[in-house]
Amino acid sequence: MRVPYLKSDLRPRGMSRARKGAVLGVSVAALAAGVTAGAGPAVARPKAAPAPAADCSAAYRIEQKLSTGTTWRMCWRFEAKSGLVLEKISYQPPGETKPIRVLNSAKIAQIHVPYDDGTNEYNDITDYNFGSGLVDMAPAECPGGTIKTVKVPDPFTSETPNVKGLCTTTRARGHAYRMQADGNKVFQTQGKDLLIYTVNKVGWYEYITEWRFSDDGAINMNVGATGSLSPFDYDAGDGRGWPIGKGAKSYATSHSHNVFWRLDFGLDGSSNTKVEQYDSVVSPPAGGQQGPTAKTRRTRVTKELAGDAKNMRWWRVVSATGKNKDGHARSYEFVPGATTKYGGRPFTQHDIYFTQYNKCEQYASNNVRSCGSPLHGTSVDKWVNGQTLTHPVAWVNVGFHHIARDEDQQPMPVHWQGFSLVPRDVTAMNPLTPPALAGENGQTNSGS
């Protein structure tokens, strides 16, 4: 069990034994950083003018050119609650002469952990200053990469311990594509990712917050929970827990991990993006048709929305200013991962929220800023109140219902939850297209 941090306290108090490992009340003010080296030689491309660096000092800059020729650039900072915050994220694939801005900022906005027996419920980001639980990583935890040192000033002492806690590295992800063409010629490329991650300890749990930036423009966001089961939550033997250990005596209490991400899009450098929802309906064959038909309908989302995932439904955020070389508006599509929606709280009852930007709306629940009025509400569901979307912010909710098992001890294997952002019409063709196929765009065999 955990006892929440009281904002009115000068020092944390009321810490339970199960939360003994949590470090509370620490803000992170400075980061030592560097630029990670490329994973290998880039594919030969026509020379272009050098792209401008991300708009931040070298100490807060990440710039990585992957071996397939794609470059990702971003700024970073650290805060005591959300931990790592990535800002001014841009993507430059081969063939593009300048970076394409994707996101203004991205961060974890809450990890909500309610236990099935109703006794304990935690907001790990805001109650326990998730970011201040940053832990050291050994070189073996960041293979082939760089571990950056974070100075963590303690507000209660004059000490500023260094934490080697931020890994940047590259990692192979398997086939980016494979195509067997005429004459049995095979085109294939092995994809590469820029991988950025931290480990934050909150009580018995250790969370791995992972950001993967792929050479094809996709962004994969994941949180992995590992560490230990709480040794004090073993009394739920009435269907709210699972027997762990010898016989059927110790029942580890089941609980949920509801993770929220906050994404502020800035496609092509503009926050004035548009949101669209797509739904497809399959109808049985009619009028001599050989098979069923499927029709897709687009709905423009112009007002704030609490969205629910359904079969054949998806959303995208569309640039208001930028188009690819085919003249199509650039966008990013949300691709959800596996999720278990938690129905116990209003803010966890929807899969995605689009709200109008408000600087004080930073955390999906237990938002620590007053926003000027107690009537404003402290959770994301309260902020969907009919405002017109001119600067939309996306909040993505991915849930995991953790019913413990014998294999969870000791230590507990990582269980992952997350989602992806996939480019849709950001480039006119596959950004990793080999030169031999560069002319095959659209209906190439039409004779036109």
Side-chain angles (χ1 to χ4, degrees), residues 1-5 12 14-24 83-84 108 111-125 127-143 147 161 163-167 169 171 195 197-210 222-259 337-340 342 398-418:
M1 55 178 280
R2 290 166 270 200
V3 175
Y5 174 63
M15 181 64 66
S16 71
R17 291 180 298 167
R19 267 321 213 187
K20 206 171 179 179
V23 180
L24 307 181
L84 181 65
I108 299 292
I111 302 176
H112 171 247
V113 187
Y115 276 69
D116 283 16
D117 62 1
T119 302
N120 298 304
E121 183 177 12
Y122 310 114
N123 293 291
D124 279 352
I125 298 295
D127 289 346
Y128 290 96
N129 284 356
F130 172 87
S132 66
L134 186 70
V135 299
D136 287 301
M137 281 190 278
E141 296 185 74
C142 187
I147 299 177
V163 179
K164 294 182 177 179
L166 176 58
C167 172
T169 188
R171 190 168 294 179
L195 179 60
Y197 57 93
T198 61
V199 179
N200 297 75
K201 184 172 177 60
V202 184
W204 299 99
Y205 269 98
E206 297 182 26
Y207 292 103
I208 304 171
T209 304
E210 177 185 278
N222 296 288
V223 168
T226 182
S228 302
L229 295 171
S230 167
F232 304 106
D233 292 312
Y234 275 87
D235 53 5
D238 57 355
R240 294 174 295 181
W242 194 269
I244 301 296
K246 299 291 185 181
K249 298 178 181 178
S250 299
Y251 284 78
T253 307
S254 303
H255 52 280
S256 293
H257 296 255
N258 304 309
V259 180
T339 186
T340 304
Y342 178 76
V398 180
F400 175 77
H401 189 212
H402 187 187
I403 299 176
R405 54 185 179 145
D406 276 337
E407 289 86 351
D408 281 343
Q409 55 182 26
Q410 176 82 308
M412 180 167 57
V414 183
H415 56 78
W416 292 100
Q417 57 201 102

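Computed from a predicted model, the values in this text were never measured in an experiment.
The aromatic rings of His257 and Tyr207 lie perpendicular to each other, with more than 60° between the two planes, well past the 30° mark.
Contact of the Met137 side chain with the Cys142 side chain is not registered, since no non-hydrogen atoms from C-beta on lie closer than 4.5 Å. Counting heavy atoms from C-beta on, the side chains of Asp408 and Ile244 never come closer than 4.5 Å. Taking 4.5 Å as the limit, every side-chain heavy atom of Met412 sits out of range of all side-chain heavy atoms of Trp204. Side-chain contact between Tyr122 and Tyr115: present, with at least one pair of heavy atoms (C-beta onward) separated by less than 4.5 Å. You'll find the side chain of Arg405 reaches within 4.5 Å of the side chain of Pro413, heavy atoms only. At a threshold of 4.5 Å between non-hydrogen side-chain atoms, the residues Ser230 and Thr253 do not count as touching. Using a 4.5 Å cut-off on side-chain heavy atoms (C-beta onward), His112 and Ser256 make no contact. Looking at heavy atoms from C-beta onward, Leu84 lies out of side-chain contact with Thr209 at the 4.5 angstrom threshold.
Judged by distance alone, the side chain of Gln417 and the main-chain N or O of Val398 form a donor-acceptor pair under 3.5 Å. Thr339 places a side-chain N or O within 3.5 Å of a backbone atom of Gly399 that can act as its donor or acceptor partner. With hydrogens and angles ignored, the 3.5 Å screen pairs no side-chain donor or acceptor of Thr169 with any backbone N or O of Leu195. Put simply, the side chain of Asn200 gets close to the backbone of Phe130: a donor and an acceptor are under 3.5 Å apart. Looking at Asp406, its side chain does come within 3.5 Å of a backbone N or O of Gly245 through a donor-acceptor pair.
Atom NZ of Lys201 is separated from atom OG of Ser228 by 6.5 Å, given to the nearest 0.5 angstrom. Taking OH of Tyr197 as the reference point, atom CD1 of Ile208 lies at 8.0 Å (rounded to 0.5 Å). The structure places CD1 of Ile147 at 12.0 Å from OG1 of Thr198, a figure rounded to the nearest 0.5 Å.
A side-chain hydrogen bond (donor to acceptor under 3.5 Å, both in side chains) with Asp116 is found for exactly one of His402, His401, His255, Arg240, namely His401.
Smallest separation of non-hydrogen atoms from Ser254 and Gly241: OG-CA, 3.8 Å. Between Gly165 and Leu134 the shortest heavy-atom distance is O-CD1, 3.5 Å.
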